Amino acid sequence: MNSILQDLRYTLRQLGRSPGFAVTAILTLALGIGATTAMYSLVRSTLLAPLPYPHSEELVGIGLVQSGTPPASDQTGETGDFLLAHAQSFSSIGIAGDRPLGQNFSNGSGKAQTIYSLHVSSGYLPTLGVPALLGRTFTREEDLPGAAPTVVLSEDLWRRVLNADPNIVGQAIHINGDPFTVIGVMPSTLSTVDGTDVWQPLHLSATDPGYQGTNFQTIARLKPGASVAQASAELSGLTSTIFRQFPDYQKWTRPGAPKLQEFVWPLQQIVVSNARSSLIALSAAVLAVLLMACLNLAGLMTARSITRKPEIALRTALGASPAMMLRLLLTESLVLAFVGSLLGLGFAHLALPLLLSASPIGLPQLRQTTVDLPVAAFAILTGCTSTLLFGLLPALGVFRQTIGSSLGNARTAGESAPRQRLSKSLIVAQVTLATMLLSTGALLLNTFLHMRAIPSGVQPPHLYVLQVNLKGDAYSSTSHTQQFISVVEQRLRQIPGVAQVATVNGLPIDRGLNNSGGPANHPDQIAYAESRFITPGYFRTVGTTLLAGGDISDADTATSQPVALINEFAAKRWFPGRSPIGEYVITGSDKPRRVIGLIANVHSSSLTDSIAPTIYVPYTQVDNESMKTINGWFATSFVLRTVERGNFRDPEITTAVSAAVTAVDPEVPVRKFVPMQTFIDDNVAAPRFFSWLAGGFAGFALLLTLIGLFGLLSYQVASRTRELGVRMALGAQRHQILSMVLKNGIMLTAIGLVFGSIGSCALRSVIAALVSSTVGTRATATASLLGAQTVSISIAGAAMLVSAIAASLIPARRAATLEPTEALRAE
Amino acid sequence: MIDIHNLERNYKTGHTDNFVLRRIYLHIAAGEFVTIMGPSGAGKSSLLNVLAMLDDQWRGEFLFEGTPVQTLNRKQRAELARRRTGMVFQSYHLIDDLTVAENIDLPLSYKDIPRPERQALVADTLDRFNIVGKKDLYPSQLSGGQQQLVGIARAVIHKPSLLLADEPTGNLHSEQAAEIMQLFRTLNQQGTTIVQVTHSEANAAFGSRTLELRDGWLTRDTANPNLNSAPGAPGAAA
Ligand SMILES: Nc1ncnc2c1ncn2[C@@H]1O[C@H](COP(=O)(O)OP(=O)(O)O)[C@@H](O)[C@H]1O
Ligand SMILES: [Mg+2]
């Protein structure tokens, strides 16, 4: 015990004597451990966390998807009902809407606000198996179409806006202006997964407009003893029956694409499916950073043990046993590891909230992401393992040499060849990793810049978007919706600074209805097409070019001839080689519409989407059924173009804008009031985030490489001083010495660059997958987004070389300014 | 070949000047084989460094083959040294990760000599020193005597007129030392002027003239028995 304390004291004194070494080693370790720990914590709370439901291992999701797609639970209404009737492997099945939908909630007194509601079948909540906190979940009767309106609240909403009223069950709350009877409150564990505020009955019926689309998700609980594989086998047996019963699904698959099929996945995998590839890619980057830190540490420790050679030799000569020397080394490594890990934990603790809030990908928090005991244990274990492996082992090698050789016997000039080779390989490995991180950063940055440069099809400067949800019975008719829209438009026009106002359901770079559509006289050409609903002046307001024909006007009413505008893409496909004006198109089950205008292409849901055939229909000519559907599914967007001067974002205007809405219907809250640019920026948020992150990692890697290279070369110059003296005595000129050291650094960098470039090329497909999973494009489209690999590698190479020269210059200059007579005397 | 007048060299340590060479007057003619002796710390290596033109912090006059070295700038001195002098070290100072042939080639690599000519010179030298069989070995694979042989080969490959050797046999057995001295004698007979530092009388016997340094003063010169009357020398009249 006493001797351990003594070792500790001695170690601290030794480290105190070389603060440069101690600080560099500890910081290097702390950053490596910090990044790794933060990432581990994140992965632990998502990919590795069980779902917070009883016997969650029995929970699965069933998806009707193409083989090869990531885990998903998409179903159509029809196939959901089919599974309910036929699947045998499950003890219960639940169907829900594909995502929580924005609704307008008001509790009488307060201001209306947007809440998120998930529509669920009566089997859904029981399948999850979480008992209600208060009351109960839906009965089968309550889930039948036409049943009295009921709602289940989340604990969160109940506490937040209903003051945790213990008598809430049985009372009514107002959603979209309509009363709903509260029948239960579910504990908060449920809403942490998808952020649901309330659950409402799904009322699934074959007459639902979305019944035949994949607008639902299906979960199920396996019968005791049944496995995912068995369930999968059963369902793939049912697939052919499904296609026989519902031949229409062939229409939804593009020709040549893999067939749809029912797949079963553990529900956990479906929940984390979207974040999975991003998290895995990030983990890989973080591991690379940790490895960099370790390599650097190895370099530092090796160099340090060399400088301590005489001390060790002396101690050995004075009788210290190898075991005692080992203990001393171990103490030093562990002290470094401990301090480094603790600091790293601190970094992780600070970085995690930042990372979570900055992340544009939804990270389902199945467990709280914090630095808790297991995470701390992970950090310290990683710290100690890496220090012992990368710090102690190389140092031991040096010491074994020292103890074996006699004291201070140097016959030759220069250092031993194997040791040099070790330090050199460490640097090469560091350069390799740093190059890969750098080129990845450059690649992602390039992607981000590429995406940002894609024309959206609208003119974002001075364009603002005011979004509202028009939900409930009140907005199930065209006349009421139309009335609301035109009064709000009028009021918005009166706000000073507003030049033009129009309305659209299905804003560009947002979401909107995809439907079937095509030329009226060619029913065989009717296929997937986007439908958008607009008021007059919409194109002028958003700045989309009218290529031919005219816009809709106030003369286009419910009773006038049905008209539409189509985009260039649709015109080329449906009416090749001729003007589409005067032709007729069909959208959904609508009557034929006369095409009166041709519109430039606009990206419908994301900048990276391929352009789709699009049909624009005047609001006034939408039938009640369709109006109910689009209001139920999508937000209504007022677009405002303002005069060129002045700042439109001051609070007064925001107030005026929201007053314009509230004055017309106090039950309708403003969901969003933002510049159009925000939608575009959100769209590129993922690549921007990842390029920042990769840039940060790459910067850190570059810094470590600099430190490593600088350290190695300085050490080489110091330990080869006499050799340099000899070279000068033999006629080497100063510039020759300078270039010799520089060449040394550049050679090592160049070798690392070659390996790093090869590695970067191998990484490309991984990055492509990451980009396509975060921006929602098919991988084929991603290739062009990524840009040329040569560019990113050149950028990485240039950065690496410039840094290598910078890192080599100081040691090289030191070597070149040595006095030969002094250098020759050096030991 | 060498004419030195009133050469002085001191090292500043802190505030005190530490003189290591004092009022040296020395003439060495071409073809001489001079031995410098004296106790440790007397300034022998310092004098050799001046002669090798590695040092340029001295004061006084130094004529090398008629060129006043004190008027040359750093670059010119280095150039002159590179062409006309060769140096042999006590610890051989071969470079570890270079082969014998590469070590020998080193001085040539710092000159503008075409590659074929360099290769020919290296081959010649290996042959002359009977080490052709060892040309691809590394220094650590050679005995001390063999290493010094390589060291000498390296020092004379560019045919310098002046060969300087600082305790060249200090780390060798007397037998090996005698061989090295024999080699020096041969080189000297072929026309190379040699200045060596040694502690061994036996080695000194191979030379034609012996100097002695004490505390930076030239105190004995077998070619100049009247040295004691040199101005400023200890015991001389002030
Ligand atoms: N670079 C230097 N800085 C300070 N003192 C030096 C330096 N080089 C030599 N000396 C001192 O000069 C004196 C002569 O040294 P040196 O010429 O090496 O002696 P010798 O070769 O005769 O043993 C010694 O006292 C030595 O300590
Ligand atoms: Mg000496």
Side-chain angles (χ1 to χ4, degrees), chain A residues 306 401 404-425 712-713 715-741 743-744 747-748 815-827, chain B residues 9 11 20 45-50 52-58 74-75 77-98 103-113 138-144 147-148 150-151 154-155 157-158 160 164 166 171:
Chain A
I306 300 280
Q401 251 179 29
S405 73
S406 63
L407 228 154
N409 174 16
R411 285 182 318 165
T412 48
E415 51 176 331
S416 81
R419 235 247 357 120
Q420 267 199 45
R421 225 171 317 160
L422 174 67
S423 324
K424 284 179 181 172
S425 344
L712 176 73
L713 292 179
Y715 168 73
Q716 271 186 358
V717 168
S719 66
R720 291 164 64 182
T721 302
R722 212 166 41 165
E723 177 192 324
L724 295 170
V726 172
R727 285 176 183 272
M728 288 178 176
L730 294 177
Q733 286 165 273
R734 285 169 196 276
H735 70 87
Q736 288 169 320
I737 297 283
L738 184 88
S739 67
M740 182 179 92
V741 178
K743 218 160 62 191
N744 219 330
M747 266 309 285
L748 292 175
T817 51
L818 283 172
E819 280 300 323
T821 52
E822 307 268 338
L824 280 170
R825 284 162 52 93
E827 209 14 79
Chain B
R9 174 68 162 108
Y11 287 104
V20 299
S45 298
S46 301
L47 180 56
L48 224 53
N49 283 339
V50 172
M53 288 171 269
L54 285 175
D55 188 7
D56 51 8
Q57 306 281 315
W58 45 265
R74 222 181 163 133
K75 230 176 143 178
R77 277 184 211 196
E79 174 59 29
L80 185 58
R82 194 157 47 243
R83 277 192 295 109
R84 308 299 292 164
T85 70
M87 191 132 187
V88 177
F89 307 93
Q90 174 177 5
S91 330
Y92 332 134
H93 287 341
L94 300 184
I95 293 182
D96 236 5
D97 47 5
L98 299 183
N103 262 291
I104 292 179
D105 181 47
L106 206 55
L108 303 183
S109 73
Y110 295 125
K111 297 183 172 69
D112 283 332
I113 301 178
Y138 286 91
S140 56
Q141 295 166 294
L142 301 178
S143 74
Q147 287 193 44
Q148 192 57 298
V150 175
R154 183 176 69 179
I157 185 166
H158 58 294
L164 300 157
D166 197 344
N171 290 350

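Basis for what follows: all heavy atoms, side chains included, without hydrogens, waters or symmetry-related copies. Reminder, nothing fancy here: chain letters follow the sequence lines and each chain counts from 1. Remember, it's a predicted structure, so these values are computed and weren't measured experimentally.
The parts of Arg727(A) that come within reach of chain B are both its backbone and its side chain, each placing non-hydrogen atoms under 4.5 angstrom from that chain. Heavy-atom distances place the side chain of Phe89(B), and not its backbone, under 4.5 Å from chain A. Neither the backbone nor the side chain of Ser45(B) comes within less than 4.5 Å of any heavy atom of chain A. Only the side chain of Leu98(B) has a heavy atom closer than 4.5 Å to any heavy atom of chain A.
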Checklist entry - Would Glu79(B) and Lys75(B) satisfy salt bridge (Lys or Arg N to Asp or Glu O under 4.0 Å), going step by step from the backbone distance to the final call? => result CA-CA 6 Å; Glu79(B) 174 59 29; Lys75(B) 230 176 143 178; over 6 Å; no
Checklist entry - Checking side-chain contact (heavy atoms from CB on, under 4.5 Å) for the pair Arg82(B)/Gln733(A): CA distance, chi angles, key distance, verdict? => result CA-CA 9 Å; Arg82(B) 194 157 47 243; Gln733(A) 286 165 273; 3.1 Å; yes
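Closest of all the heavy-atom pairs between Ile737(A) and Ala732(A) is CD1-CB, 3.9 Å.
Annotation: side-chain hydrogen bond (donor to acceptor under 3.5 Å, both in side chains) contacts of Arg74(B) (sequence neighbours excluded): Glu819(A).
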